[in-house]
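Each remark here refers to the structure printed beneath this line.
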Amino acid sequence: MSIETDAAHTPGGLALPAGNLRGPLAFAIGCFLIWGLAYGLLDVLNKHFQETLSISQADSSWLQIAYFGAYLLLSLPAGMLLNARGYKFGIVSGLCVTAIGALLFIPAANAGAFLPFVGSMFVLAAGLCVLETAADTYVNVLGDPAKASQRLNLAQSFNALGVFIGPMIGGAVFFSPTTTEALGGATRSIQIVYGLIAVAVLLFAAVVWRARLPETGLADHGESVAGDAPAKPLSQQPHFIAGVVTQALYIGAQVGIGAYFINLVTHNWQDLTSQQGAYMLSLAAIGYLVGRFAATGLLLKVKPRALLTTYGVINVILTLIVSAGIDKVSPIALIAVFFFMSTMFATIFALGTTGLGASTKKASSLMVMAIGGGVLLPWPMGKLADLYGANIAFLLPAACFAVVAWYGWKGAGLGLKAEAS
């Protein structure tokens with residue numbers, strides 16, 4: 001994607017040459033890679049703790065609840081911080097808190113209990129929440145509003161790269177007895193992995209702090225759908241409200257699918273080990289990554305709403321196949337789900353924040369808050385998996401994807417057509 005025709009403005013109204021946007025966009029994209037890596041490791045830890053700490057599938061979901069509960073509780077404060085101190089401060093502070101959360105895994109591993117890990121995950125996710133609120137919004141406003149979906153999909157492609165790397169690391173370290181023993185045991189392996197993450201994140205924070213990141217204004221994003229008329233309050237923007245609800249349900253589906261991916265594939269593929277399941281999760285993440293880049297190209301020719309509707313319908317069908325529990329077929333269908341999930345977050349985000357004018361920052365923080373929807377499905381899916389098997393649990397994501405398809409078809413246009421006319 002080219003941003004040569006894009007332009008940004010400083011708060012004082014000074015236009016910035018398009019070339020000046022490439023550096024800030026690159027730093028923002030680096031943030032997407034970081035939280036993709038953190039999320040990719042999260043799903044591996046879920047299965048790892050089931051085995052090493054002898055906890056149920058439902059209990060292991062508290063890792064996801066802590067992670068996405070942080071988004072639910074802290075997205076609005078993160079948005080207030082962003083409004084008060086700007087993008088650069090938001091990104092750097094988010095990185096620093098993320099590093100602190102990663103460092104807390106060291107004493108948590110020494111404790112040898114599940115609860116300290118849950119607390120450490122909450123702190124780490126709190127930093128990621130601030131980071132994502134700043135970076136998502138920054139990428140969204142960093143240039144031509146008409147290309148917001150393309151920029152977000154490009155940035156999210158690097159998030160998908162991190163999601164791919166996470167299970168590869170987790171599978172190679174946490175599910176390999178040889179590697180685990182070489183690192184000094186299960187406790188030491190967790191400490192080394194998260195200690196290295198903390199160091200890398202702090203180094204990146206130092207680089208960002210020294211970089212010049214323009215605090216782009218909303219000059220190009222301040223118009224409502226009706227042209228020069230001021231945008232309505234968010235409470236009177238039905239396409240935005242429906243977008244937040246849809247985003248929450250989509251994230252719930254994504255998180256639930258990732259949390260029980262290894263359980264599902266090992267259950268429906270004879271003799272498949274947990275380590276092999278983790279590598280299959282990385283394979284699914286490749287599909288997610290390819291899907292992001294493919295969507296970036298498709299959005300040059302296909303309208304975002306049409307793409308979202310099509311992908312939503314396809315994923316309803318695929319998750320129903322997963323829930324049928326067909327040997328080898330259900331795992332393959334689940335891998336395919338990741339390709340079609342790839343564009344959903346970015347497209348819902350861009351569609352939901354269209355035409356909101358000066359309320360864009362607040363709306364973006366609420367849209368990021370919808371990531372807290374990740375707390376909705378992991379526990380009920382875990383409970384269904386404990387009672388009836390992992391396959392039945394995937395009926396819940398199927399229902400969520402049906403809502404995503406509806407949003408692309410109807411929800412994203414609520415109120416917009418009438419106001420434009």
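All values below come from the heavy atoms of this structure, side chains included, with hydrogens, waters and symmetry mates left out. By convention here, the first residue in the shown sequence is residue 1.
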Taking all atoms of both residues into account, what is the closest heavy-atom pair of [X] and [Y], and its distance?
X	Y	value
Ala398	Val316	O-CG2, 3.6 Å
Trp62	Val118	O-CG1, 3.9 Å
Ala70	Cys129	O-SG, 4.2 Å
Ala285	Phe164	CB-CA, 3.3 Å
Phe68	Val375	C-CG1, 3.6 Å
Ile348	Met367	O-CE, 4.0 Å

| message | Strictly by side chain to side chain donor-acceptor pair (under 3.5 Å), give each pair with a member in residues 404-416 just once, sequence neighbours left out. | response | none

For the residue pair [X] and [Y], establish whether any side-chain heavy-atom pair is separated by less than 4.5 Å.
X	Y	result
Leu377	Val255	no
Phe49	Phe117	yes
Met381	Phe394	yes
Thr347	Tyr311	no
Asp43	Ile262	no
Asn315	Val404	no
Thr319	Leu396	no
Val44	Phe175	yes

| said: Run Phe401 and Phe340 through side-chain contact (heavy atoms from CB on, under 4.5 Å) and show every step you take. | reply: CA-CA 10 Å; Phe401 288 130; Phe340 296 103; over 6 Å; no

If you round to the nearest 0.5 Å, how far is [atom2] of [Y] from [atom1] of [X]?
X	Y	atom1	atom2	answer
Ser93	Trp209	OG	CH2	9.0 Å
Thr353	Gln237	OG1	CD	11.0 Å
Leu37	Ile197	CG	CD1	5.0 Å
Leu334	Leu318	CG	CG	9.0 Å
Leu73	Phe122	CG	CZ	5.0 Å
Tyr67	Ile371	OH	CD1	8.5 Å

Okay, side chain of [X], backbone of [Y]: is any donor-acceptor separation there less than 3.5 Å?
X	Y	value
Ser189	Val173	no
Lys47	Ser274	no
Thr246	Gly243	no
Asn46	Tyr260	no
Ser342	Phe339	yes
Gln191	Ala109	no
Ser323	Ile392	no
Gln276	Thr273	yes
Asn391	Leu264	no

| request: Would you please indicate if the ring centroids of Phe338 and Phe261 are separated by under 6.0 Å? | output: yes

| task | Can you establish whether the number of heavy atoms outside Glu51 located under 6.0 Å from its atom CD is more than 12? | result | yes

| note | Residues at least two apart in sequence or cross-chain that pass side-chain hydrogen bond (donor to acceptor under 3.5 Å, both in side chains) with Tyr250, listed by chain then number, are Gln254

| Should Leu351 and His239 be marked as a side-chain contact (heavy atoms from CB on, under 4.5 Å) after you check the CA-CA gap, both sets of side-chain angles, and the distance that decides it? | CA-CA 8 Å; Leu351 290 172; His239 77 287; over 6 Å; no

| message | Applying side-chain hydrogen bond (donor to acceptor under 3.5 Å, both in side chains) to Gln50 and Asp59, what does each step give before you reach the verdict? | response | CA-CA 9 Å; Gln50 289 176 33; Asp59 287 341; over 6 Å; no

| task | Take Phe174 and Ile169 through the test side-chain contact (heavy atoms from CB on, under 4.5 Å) and record every step on the way to the result. | result | CA-CA 8 Å; Phe174 302 143; Ile169 294 174; 6.0 Å; no

| request: Take Met369 and Val244 through the test side-chain contact (heavy atoms from CB on, under 4.5 Å) and record every step on the way to the result. | output: CA-CA 8 Å; Met369 182 180 178; Val244 171; over 6 Å; no

Would you give me the side-chain donor-acceptor pairs under 3.5 Å for residues 95-104, sequence neighbours excluded?
unit_1 : atom_1 : unit_2 : atom_2 : d
Thr98  : OG1    : Gly94  : O      : 2.8
Thr98  : OG1    : Leu128 : N      : 3.2

